2 protein chains.
Amino acid sequence: MKPPTITDVAQEAGVSVSTVSRHLRGDRVRAAERINRAVARLRYRPSPAAQSLKSGKTGAVALVVPDITNPFFAAVVRGAESITAQGGHTIFLANTDESDAREAEVVEDLITRVDGMLLAPASENNPSPQRLADAGVPTVLIDREAPSTGRFDTVLIDNHGGARFAIEHLLSNGHERIATIAGTVDSTPGRFRLEGYRDTLAAYSIELPPEFVQPGGFKEHGGYQSMLRLLALPDPPTAVFVANNTMTIGALRAIKDIGVRVPDDLSVVGFDDHPFSEILDPPLTVIDRPMEEQGALAMRMLLSRMNNDSSRISRRVVLDVRLTERASCGPPRNTPMGARRKAARI
Amino acid sequence: MKPPTITDVAQEAGVSVSTVSRHLRGDRVRAAERINRAVARLRYRPSPAAQSLKSGKTGAVALVVPDITNPFFAAVVRGAESITAQGGHTIFLANTDESDAREAEVVEDLITRVDGMLLAPASENNPSPQRLADAGVPTVLIDREAPSTGRFDTVLIDNHGGARFAIEHLLSNGHERIATIAGTVDSTPGRFRLEGYRDTLAAYSIELPPEFVQPGGFKEHGGYQSMLRLLALPDPPTAVFVANNTMTIGALRAIKDIGVRVPDDLSVVGFDDHPFSEILDPPLTVIDRPMEEQGALAMRMLLSRMNNDSSRISRRVVLDVRLTERASCGPPRNTPMGARRKAARI
DNA sequence: AGCTCGTCTGAAAACGGTTTCAGAAATTGT
DNA sequence: ACAATTTCTGAAACCGTTTTCAGACGAGCT
């Protein structure tokens with residue numbers, strides 16, 4: 001019932017504990033074969049607790065994300081997992097529910113249990129990365145930057161460029177009245193996607209009313225409300241860039257409820273692809289990025305940071321995004337807003 | 001740089017190690033206040049490795065799922081996480097990629113690191129649960145049963161009933177030519193959903209050609225291929241029950257590619273809801289179940305099993321499912337199969 | 001003051017490994 | 001065959017905590 005210890009193995013094999021330990025760690029040892037048999041018979045596995053007590057290493061890595069049900073983070077987890085699967089490290093997963101407070105708790109708990117951490121901070125002004133740095137825990141940030149940027153390894157995507165692609169795609173379709181449903185601006189993706197939207201429009205000398213930027217908080221409900229507000233505007237947009245996947249769902253629901261047609265009445269670009277995007281009617285044009293790769297790369301960087309000298313200068317990698325064009329964008333309606341305005345008045 | 005130990009705290013507070021330890025575990029101690037200050041100043045956190053070496057408890061729980069990117073399992077993780085978040089236990093997450101071999105590895109690794117395990121076995125004839133039982137690790141099975149059923153706590157859903165609801169819904173719409181895209185039959189959900197389909201049709205004395213059961217292997221691509229085959233049948237079905245979410249995506253893609261109209265040409269019922277289901281055109285009718293609750297309940301059962309006498313008789317709970325009716329089902333077309341058959345010939 | 005009793009304390013022994021150290025055995029060279 | 005190596009071995013110390021054990025201390029009683 002009680003798991004066998006190294007002492008049991010030593011006894012069974014008729015050697016000393018030290019010999020067993022050495023054999024297990026790879027030293028040449030005369031009784032190798034006998035030890036192997038003993039290990040197999042007893043089904044011995046060394047106690048990670050004892051090992052890490054001695055070595056100071058836990059053999060575990062933490063992965064802290066704001067929302068595991070967001071397909072993007074699920075993909076990141078999978079990517080990260082695919083790297084550790086090869087060898088050596090096991091993953092602690094924690095969910096922070098987008099809360100700084102919860103994240104602090106979680107990090108505080110995990111900090112003693114792991115050799116390194118992959119973290120997607122809940123917000124940009126969040127003390128966790130600093131705490132990890134103080135504790136000397138190797139850390140790689142995913143998708144979001146830390147207050148004291150440059151001090152951490154970070155795996156980002158080109159949020160600004162993604163927004164630019166989206167807006168330019170819309171512009172090339174002839175739109176000028178382009179709105180956006182933005183995420184939380186104190187997060188890296190929220191901030192840069194919004195800046196990309198603004199900078200691109202500015203580059204084309206297009207000025208838009210402030211109501212064309214609607215805060216959706218990265219939540220489905222926020223996307224829904226924002227789209228409702230946009231469509232209720234006296235002079236509504238002809239195209240909308242929605243800054244993430246969950247808000248897109250909400251936005252499309254609003255569109256459906258009101259009866260606006262895509263892309264005839266309104267063109268839509270989302271951020272982050274999903275298998276469902278293809279079977280929507282019309283299929284959704286999105287900004288796509290390598291999600292699993294982002295997780296995998298972050299994990300690789302963490303592992304290397306854990307092995308190599310941890311004083312190495314920190315790396316900040318930015319992954320490319322691309323526009324996946326489907327059918328949710330078209331030219332703006334020739335007849336001005338009459339029909340749509342009526343629909344929005346429901 | 002090195003994390004402080006209990007000895008450092010003792011020194012700082014001017015007491016012995018034992019006193020610090022006792023205070024931390026809740027004993028009355030004279031130097032309480034001084035110890036608290038020392039702990040705070042040093043930012044001391046007890047080493048989990050040392051604690052678990054002494055106590056034999058790790059304070060961790062494993063959660064092993066076949067595919068974290070499946071929204072159902074993501075929801076399960078979230079549900080489970082919401083329970084442990086309250087107190088004491090941290091979660092190891094592992095992904096088995098639906099592979100028995102990988103699952104064995106993962107379980108073998110985790111078995112020494114956790115006090116209990118939540119497991120969704122990759123298949124029904126899978127040695128892992130037995131291995132866990134042998135090792136005396138409290139285990140709760142999620143969504144899938146183990147070979148030696150009845151010996152494990154298990155949290156299932158009413159797969160058979162769900163399939164019945166789906167088929168009866170289709171029958172009540174006037175369909176008789178009802179096909180199914182089935183999952184892997186060596187998994188609990190796959191098996192029972194298929195049986196539910198068969199039993200319900202049998203109960204209504206409906207006999208269908210064997211090609212009306214298409215194996216989709218729970219994968220998107222399988223769903224796609226299966227739907228293609230169904231639509232290419234000389235006498236195709238008027239309705240299809242698709243046995244899980246990922247296959248549904250594939251099936252709908254096939255439908256879209258071929259140009260069949262839902263529900264006019266074909267009615268569809270899926271299994272497991274998703275935010276996207278509502279914004280499809282038409283919105284998808286699905287069998288829905290409490291996903292996060294399933295994870296949360298499983299975790300609660302595991303925790304209780306870990307605390308109470310582990311010889312308590314095992315529980316098998318079956319959660320209710322329900323039909324969420326949207327617009328993907330309607331009466332079968334009056335005109336027989338002409339149009340559809342033509343479309344399917346592409 | 002002297003005694004008992006109860007409360008609180010520190011030293012020391014675990015827990016299961018790894019690693020150092022010194023010594024034993026095997027190998028090599030002559 | 002013997003010394004000089006080299007390789008292998010077991011005893012013991014250690015990692016950071018909890019817990020047992022015995023003893024110190026203070027309070028309460030006569």
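This one's a predicted model, so the numbers in the text were calculated from it and none came from an experiment. Just so it is clear: chains get the letters A, B, ... in the order the sequence lines come, proteins before strands, and each one is counted from 1.
The rotation axes computed at either terminus of the helix from dA1(C)-dT30(D) to dT30(C)-dA1(D) lie 40° apart, taking five pairs at each end and rounding to 10 degrees.
Looking at Ser128(B) and Glu103(B), their side chains do bring a donor and an acceptor atom within 3.5 Å of each other. In the model, Ser16(B) has a side-chain atom that pairs as donor or acceptor with a side-chain atom of Thr19(B) under 3.5 Å. Thr69(B) and Asp67(B) are linked by a side-chain donor-acceptor pair at a separation below 3.5 angstrom, with hydrogens and angles left out of the test.
With Phe73(A) as the aromatic partner, Arg78(A) does not meet the cation-pi criteria of under 6.0 angstrom to the ring centre and within 45 degrees of the ring axis.
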When every nucleotide of nucleotides 11-20 of chain D is labelled 5' to 3' by its protein contacts under 4.0 Å (heavy atoms), B for base, S for sugar-phosphate only, - for none, what sequence of letters results? B--BBBBBBB
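Taking 4.0 Å as the cut-off between side-chain N and carboxylate O, Glu145(B) and Arg316(B) count as a salt-bridged pair.
Per the geometry, CZ belonging to Arg30(B) stands 8 Å off P belonging to dG26(D), to the nearest Å.
Pairs of residues two or more places apart, or lying in two chains, that qualify as salt bridge (Lys or Arg N to Asp or Glu O under 4.0 Å) and include a residue from residues 109-127 of chain A are Asp109(A)-Arg113(A), Glu124(A)-Arg191(A).
Tyr44(B) has its side chain out of reach of Asp8(B): every pair of non-hydrogen atoms, C-beta onward, lies at least 4.5 Å apart.
Partners of Asn159(A) according to the side-chain hydrogen bond (donor to acceptor under 3.5 Å, both in side chains) rule, which considers only residues two or more places apart in sequence or in another chain, are Arg193(A). Partners of Asn95(B) under the side-chain hydrogen bond (donor to acceptor under 3.5 Å, both in side chains) rule, at least two apart in sequence or in another chain, do not exist in this structure.
Between the Thr246(A) side chain and the Phe218(A) main chain, a donor and an acceptor come within less than 3.5 Å of each other.
Along DNA chain C, read 5' to 3', the first and last nucleotides having any atom under 4.0 Å from a heavy atom of chain B are dC8(C) to dG16(C).
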